[in-house]
Amino acid sequence: MPDPAVPAVGRIWAVGARPAVLRGWDPPATPYGPGHRGVDLAAPPGAPVRAVAPGRVSFAGRVAGRGVVSVDLSGTGTPPLRTTYEPVRPSVEEGAEVAAGDVLGTLDGSAHCGGPSCLHWGLRRKDTYLNPLALLPPWLAGNAPPRLLPVLGVPLPE
């Protein structure tokens, strides 16, 4: 069920067309407790990392030795929702306006996942971490209900 606090404003996956989710959202029970404050998306080192929705780059630099890009999403309230992407070699600067699909940088080869290369994609509003997959509308996330379409040129049985 979608999180009502997160509007489905995403228009593209951060990496690839429909990357595998190597590790899902696992919110901590307490502010400093264990958990996973985002999702890990499979992607090869050097893959372009794209903004999932329009916004303004609020940070592009290094945190604890890893490249990080954060984007405050347009039209998502006050304070705005903020997406984070790591480990990334940023190609954008703080303050830049980005559209959905704009390249923010490239995936750094450092192994965040402890195995295959991946992008850690996070979402938060102020100090509250949220599931970033909730940004994606069902048709993009791949969890929309199936639809039967007519088969053109095939006669119907009598």
Inset, instruction - Give the C-alpha distance, both sets of side-chain angles, the deciding distance and a yes or no for side-chain contact (heavy atoms from CB on, under 4.5 Å) between V39 and N131. - result: CA-CA 8 Å; V39 296; N131 184 353; 4.1 Å; yes
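- With sequence neighbours excluded, no residue forms a side-chain contact (heavy atoms from CB on, under 4.5 Å) with R62.
- In terms of heavy atoms, A99 sits closest to A51 at O-CB, 3.7 Å.
- For the salt bridge (Lys or Arg N to Asp or Glu O under 4.0 Å) condition, no pair includes a residue of residues 130-141, sequence neighbours left out.
- Remark: D40 CG to E86 CD distance equals 9.0 Å, nearest 0.5 Å.
- Using a 4.5 Å heavy-atom threshold, the side chains of L104 and V71 count as touching.
- For R11 against A100, the heavy-atom pair with the smallest separation is CB-CB, 3.8 Å.
- Of all the heavy atoms in L119 and A14, the pair that sits closest is CD2-CB, 3.6 Å.
- A96 pairs by the side-chain contact (heavy atoms from CB on, under 4.5 Å) definition with V57, not counting sequence neighbours.
- The side-chain contact (heavy atoms from CB on, under 4.5 Å) search around A53 returns V9, L73, not counting sequence neighbours.
- Each of L123 and I12 belongs to its own hydrophobic cluster when Ile, Leu, Val, Met, Phe, Trp and Tyr are linked at side-chain heavy-atom distances under 4.5 angstrom.
- Using a 4.5 Å heavy-atom threshold, the side chains of P28 and R37 count as touching.
- Between D102 and V92 the shortest side-chain heavy-atom distance does not fall below 4.5 Å.
- Of the possible donor and acceptor atoms, one in the side chain of R50 sits under 3.5 Å from a partner among the backbone N and O of G101.
- With contacts defined as side-chain heavy-atom distances shorter than 4.5 Å, the pair H120/H36 qualifies.
- Between V49 and P90 the shortest side-chain heavy-atom distance does not fall below 4.5 Å.
- Looking only at side-chain heavy atoms (C-beta outward), L41 and C118 stay at 4.5 Å or farther from each other.
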Inset, instruction - Could you please spell out the steps behind the side-chain contact (heavy atoms from CB on, under 4.5 Å) verdict for W121 and T83? - result: CA-CA 7 Å; W121 177 35; T83 54; 3.9 Å; yes
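- Closest approach of S117 to P44, counting heavy atoms only: OG-C, 3.9 Å.
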Inset, instruction - Give the C-alpha distance, both sets of side-chain angles, the deciding distance and a yes or no for side-chain contact (heavy atoms from CB on, under 4.5 Å) between V88 and D108. - result: CA-CA 5 Å; V88 175; D108 194 340; over 6 Å; no
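- Take D72 and apply the side-chain contact (heavy atoms from CB on, under 4.5 Å) test, not counting sequence neighbours, and it matches S58, P80, R82.
- You'll find the side chain of V103 reaches within 4.5 Å of the side chain of S91, heavy atoms only.
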Inset, instruction - Tell me, with the steps shown, if T128 and L130 meet side-chain contact (heavy atoms from CB on, under 4.5 Å). - result: CA-CA 6 Å; T128 302; L130 302 162; 4.2 Å; yes
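- With hydrophobic clusters built from ILVMFWY side chains whose heavy atoms lie under 4.5 angstrom apart, V21 shares a cluster with V15.
- Interatomic distance, OG of S70 versus CD of E94, reported as 9.5 Å (0.5 Å rounding).
- Listed here is the closest heavy atom pair of W13 and V52: C-CG1, 4.1 Å.
- Membership of the apolar cluster around V68 extends to F59, V63, as traced through chained side-chain contacts below 4.5 Å between ILVMFWY residues.
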